[in-house]
Amino acid sequence: MPEPERSTRPHTDWVVFGVAAALTLAFVGWGATSTESLERASSRLLSGLMHNAGWAFVLAASGFVVFALWLALSRYGRIPLGGVDEKPEFSTVSWVAMMFSAGMGIGLMFYGVSEPLAHYAEPPPGTGPTNPGERMTTAMATTLFHWTLHPWAIYAVVGLAIAYSTFRRGRRKTISAVFTSLIGRRAADGAAGRLIDVLAIIATVFGSAASLGLGALQIRSGLEVLGWLTVSTGMLVGIIAVLTAAFVLSAVSGVERGVQWLSNINMVLAAVLALFVFVAGPTILILDLLPTSLAGYLGSLAQLAGRTEASGGAGTEKWLSTWTVFYWAWWISWTPFVGMFIARISRGRTIRQFVGGVILVPSTVSLLWFAVFGGTAMRLRSEDALHGKNTQEAQLFGVLHEYPLATVSSLVVMALVAIFFVSGADAASIVMGTLSQRGALEPRRAAVVFWGVVTGMVGAIMLLVGSGGGGALTGLQNLTILAAAPFVLVMIGMCLALLRDLRRDPLMLLAEQASEVVEQAVIEGHERYDGDFALRVDPAPDSTSPE
């Protein structure tokens, strides 16, 4: 039976709020006063983590895929996330739009051209494409590995655990509450639960800040490509401040008016941009890439999922920290807020519907997106027709520059980046407010504003850390991996807790009782003939015979 409903009034948990705030502000202070020492420390920590625990990220990500798909296909798939007769709050279109915008919209804008192009120019370790066609297939398969099944399964695991705990069991809407069945309510409400929620907030701050940094880098590049101005580091921080103010304002407007409205707008703008490039670009190549890329991805999935430092040789560790492990860490750092957000908008759906929608629909959109933008970029590169700055954040604008209406399409890209970030980061601010206020469904505006501002500050520091060495993007990647590492253990615990809950779900208990009754009836309906059991089936009553 569902547990008693907890109060959702916004009462701040000062331990969770205070510890998380102190840690993030200490990071900001360290970065502001001694950027070089923070950069050195993060580089050393990352090197040790990659060498000793890179395998854990790789193994855990594939484990989450298996777990999510197994839940959907198992008998647990019919369990609803809420009451038996509850209907979904949002339409399927709005549900997918909000989920996709919050999940990785800004990443698609940043990496839609740059990742396939990077793998095309320098094939991943352990691969050896010998001609442009094979290079394209390898590049697309690697990109799809990073953007389809694995990341959305990571989101699905956390979102499902939160949705079940909140809407099916009636617990408060926090990460720690999911662990009630595993460690007990006292521990989940006590020190252990508070530690879990603090780790969730830290991961969320750094994951959101990384997205903010990517968005700021791409908007800066767009402004420079259009020739409007040359953006300095100080102006980059100014862009972060503007984006931060925008998503804080959106966050305090609420889910229905803020996120849903922005998400629907972005889906339309993104579809228009993709259709424009599809028509103006190499249309036939893009269509050819759809089945080719999917087959290449599925055919090499085992190799992609098993790539570690041991399998790829020299340079693999650096490649993994730049690509696969960074992505897994980035998705994991986003899981507290993306998971909680998609849980918030998925009430009334079954586990099977939830997993199918969260994994399959966005993965399909990602396939289409990378085929359009990545395929176009690789074709231009193969024809030596891609000009302009070669930085990752500038490559999308370089592709658009080769087609008509370059200025208009570049403005659309910058608008998309800004709105994608706002629609994702305002969800993160609301979730951090929820985690620090004991699961309040509508946290106080002061808490939302605080975490929004802190996210902007952390994003600025992450960019400054990278600017002194390997580049701003490297700083974002390194710190994201470090912040996400502890939350991998939390996610594994969430899987165990969810499985324990599902085994005790009322529907499962009723099914077991019904099975026992049927089994007993079958046994009692047998008669013994010569030492064997034979099933006796009574004939159906004849309508002409007396009752």
- prompt: Does Ala41 have any side chain to side chain contact (heavy atoms under 4.5 Å, CB included) partners at least two apart in sequence or in another chain, and if so, which?
  reply: Trp30, Arg44
field: Residues in side chain to side chain contact (heavy atoms under 4.5 Å, CB included) contact with Trp55, at least two apart in sequence or another chain
entry: Leu59
- prompt: Using a distance-only test with no angle check, is there a side-chain donor-acceptor pair under 3.5 angstrom linking Asn478 and Ser42?
  reply: no
- request: For Phe354, enumerate each residue passing the ring-ring contact (aromatic ring centres under 6.0 Å, His included) test, keeping only those at least two apart in sequence or located in another chain.
  value: none
field: Under the side chain to side chain donor-acceptor pair (under 3.5 Å) test, residues paired with Ser346 that sit two or more places apart
entry: Trp95
field: Side-chain donor/acceptor of Gln437 to backbone N/O of Asp13, under 3.5 Å
entry: no
field: Thr324: partners by side chain to side chain donor-acceptor pair (under 3.5 Å), with sequence neighbours left out
entry: His146
task: Please identify each residue that fulfils side chain to side chain contact (heavy atoms under 4.5 Å, CB included) with Val28, with sequence neighbours left out.
output: Met457, Val458, Ile461
query: So, the side chain of Ser333 versus the backbone of Trp330: is there a donor-acceptor pair under 3.5 Å, distance only?
result: yes
query: Who passes side chain to side chain donor-acceptor pair (under 3.5 Å) against Tyr120, sequence neighbours left out?
result: none
query: Hey, is the main chain of Ile332 close enough, under 3.5 Å, to the side chain of Thr335 for a donor-acceptor pair?
result: yes
field: Whether Ser366 side chain and Pro362 backbone form a donor-acceptor pair below 3.5 Å
entry: yes
field: ring-ring contact (aromatic ring centres under 6.0 Å, His included) involving Phe373 - partner list, sequence neighbours excluded
entry: Trp369
task: Test Trp323 against Trp328 for ring pair (Phe, Tyr, Trp, His ring centres under 6.0 Å), laying out the working first.
output: CA-CA 9 Å; Trp323 295 107; Trp328 295 172; over 10 Å; no
field: Pairs meeting criterion side chain to side chain donor-acceptor pair (under 3.5 Å) with involvement of residues 406-415, two or more places apart
entry: none
query: What residues form a ring-ring contact (aromatic ring centres under 6.0 Å, His included) with Phe179, not counting sequence neighbours?
result: none
Counterpart residues, side chain to side chain donor-acceptor pair (under 3.5 Å), relative to Ser43 (two or more places apart): none
- prompt: In chain order, what residues pass the ring-ring contact (aromatic ring centres under 6.0 Å, His included) check against Tyr297, with sequence neighbours excluded?
  reply: none
task: State whether the side chain of Arg194 and the backbone N or O of Asp189 hold a donor-acceptor pair below 3.5 Å, judged by distance alone.
output: yes
